[in-house]
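Okay, so here's the structure we're looking at.
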Amino acid sequence: MRLNQNILLLGKKVVLVPYTSEHVPRYHEWMKSEELRRLTASEPLTLEQEYAMQRSWREDADKCTFIVLDAEKWQAQSGTSEESCMAGDVNLFLTDVGDPSLGEIEVMIAEPSCRGQGLGTEAVLMMMLYGVTRLGLTKFEAKIGQGNEPSIRMFRKLHFEQVAVSSVFQEVTLRLMMSEPEQQWLLEQTSYVQEKPYREGASEPCRQPLCGRPPRDDGHGSPEPCCG
């Protein structure tokens with residue numbers, strides 16, 4: 001999605017940056033893992049195919065992807081490469097043509113050393129904030145394999161409720177309706193999140209935190225979740 005191609009979201013544990021060609025080699029290495037491919041229902045791709053996928057996702061208007069960086073590593077010293085800070089990715093799919101206010105959300109914390117520290121939880125909260133304030137979303141869904149209990153528990157802690165079970169796909173669907181109280185809760189949980197220009201985020205002054213205003217028109221044109 002081109003809308004987020006120059007946006008960096010800064011949290012406490014994670015930094016969300018657009019998925020660029022710089023991130024593809026590390027991502028490709030992650031996806032060599034049979035466990036990750038099973039959890040994400042992904043097919044093995046060549047490096048060339050992975051680059052093509054990254055370009056496709058950047059252009060697709062119905063996919064919003066951020067790479068999840070470990071904020072502690074990213075902030076440790078200037079000049080640190082983003083590839084060395086990568087922890088996973090978080091995605092929004094806007095594929096329901098009948099309901100443009102619905103986004104399917106997915107998160108993957110692929111780096112083993114980054115799991116179990118709350119990075120996935122913060123990444124989901126920040127992505128939901130972006131979806132509400134910038135994309136006008138009012139509903140979120142997460143489709144998770146029945147055996148992925150850590151992810152199911154994580155989304156339930158974030159107020160998602162189970163609405164369907166598919167024995168065919170062996171997955172559960174959880175949904176969160178962003179009522180006014182839920183939006184207020186989300187804003188409180190993410191009040192510290194800052195939006196900055198990508199690539200300049202480390203040196204530019206902070207922009208205002210994301211808020212509950214309607215999304216702006218600024219003229220700019222999966223995998224099953226793994227728990228963080």
Side-chain angles (χ1 to χ4, degrees), residues 1 3-4 7-17 63-72 87-96 99-109 114-144 148-165 171-196 201 206-217 222-228:
M1 178 178 280
L3 186 64
N4 73 321
I7 289 176
L8 176 151
L9 300 179
L10 177 61
K12 293 178 179 178
K13 296 183 177 183
V14 303
V15 181
L16 303 187
V17 298
K63 297 181 182 68
C64 182
T65 298
F66 284 101
I67 290 294
V68 179
L69 305 181
D70 183 323
E72 185 177 358
D89 70 342
V90 62
N91 307 287
L92 273 175
F93 297 101
L94 315 176
T95 53
D96 190 334
D99 188 356
S101 67
L102 171 65
E104 182 181 337
I105 190 165
E106 301 176 341
V107 64
M108 176 180 73
I109 300 301
C114 294
R115 294 175 186 164
Q117 301 177 39
L119 274 68
T121 298
E122 185 174 71
V124 168
L125 285 168
M126 290 167 64
M127 183 60 114
M128 287 167 54
L129 178 68
Y130 185 79
V132 169
T133 60
R134 297 294 187 252
L135 304 178
L137 301 184
T138 59
K139 296 183 284 290
F140 294 96
E141 277 188 355
K143 296 182 179 180
I144 307 170
N148 196 343
E149 283 297 328
S151 282
I152 293 173
R153 286 196 300 269
M154 183 189 74
F155 277 96
R156 282 179 171 159
K157 286 180 181 178
L158 296 178
H159 300 184
F160 281 70
E161 296 182 353
Q162 183 173 311
V163 294
V165 178
E171 67 181 16
V172 299
T173 300
L174 298 99
R175 177 174 286 199
L176 175 60
M177 308 291 290
M178 296 305 298
S179 62
E180 189 171 332
E182 289 291 359
Q183 287 197 36
Q184 185 59 40
W185 171 81
L186 177 62
L187 292 172
E188 290 171 358
Q189 295 297 310
T190 55
S191 60
Y192 56 86
V193 175
Q194 297 171 350
E195 179 182 321
K196 300 183 177 186
C206 295
R207 293 182 57 179
Q208 291 297 318
L210 293 175
C211 67
R213 293 191 300 269
R216 301 173 302 173
D217 180 3
S222 181
E224 161 199 322
C226 302
C227 184

Q) Considering residues at least two apart in sequence or located in another chain, which fulfil the side-chain contact (heavy atoms from CB on, under 4.5 Å) criterion with E171? A) K143, S166, F169
Q: Mind listing the closest non-hydrogen atom pair of Y130 and C64 along with its distance?
A: CE2-SG, 3.8 Å
Q. Is the number of heavy atoms from other residues, nucleotides or ligands within 6.0 Å of CD (E149) greater than 12?
A. yes
**Q.** Non-hydrogen side-chain atoms of L92 and L137 separated by less than 4.5 Å
**A.** yes
Q: Only counting residues at least two apart or in another chain, list the ones meeting ring pair (Phe, Tyr, Trp, His ring centres under 6.0 Å) with F140.
A: none
Q: Could you list the residues that satisfy salt bridge (charged side-chain N to carboxylate O under 4.0 Å, His left out) with D96, not counting sequence neighbours?
A: none
Q. Residues two or more places apart in sequence or in another chain: which of them pass salt bridge (charged side-chain N to carboxylate O under 4.0 Å, His left out) with R175?
A. E141
Q) If you measure from CG on L174 to CD1 on I152, what distance do you get to the nearest 0.5 Å? A) 6.5 Å
Q: Kindly give the heavy-atom pair with the smallest separation between N4 and T65, and that separation in Å.
A: ND2-O, 3.0 Å
**Q.** From T133 atom OG1 to Q183 atom CD, the distance as rounded to the nearest 0.5 Å
**A.** 9.5 Å
Q) Any idea which heavy atoms bring M126 and T190 closest together, and the distance? A) N-CG2, 4.4 Å
**Q.** salt bridge (charged side-chain N to carboxylate O under 4.0 Å, His left out) partners of K63, counting only residues at least two apart
**A.** D60
Q | For K12, all residues meeting salt bridge (charged side-chain N to carboxylate O under 4.0 Å, His left out), sequence neighbours excluded | A | none
(Q) Testing the basics here: between V90 and V68, what is the closest heavy-atom pair and its distance to 0.1 Å? (A) N-CG2, 4.0 Å
Q. Counting only N and O atoms by type, is there a donor-acceptor contact under 3.5 Å from the side chain of E104 to the main-chain atoms of F93?
A. no
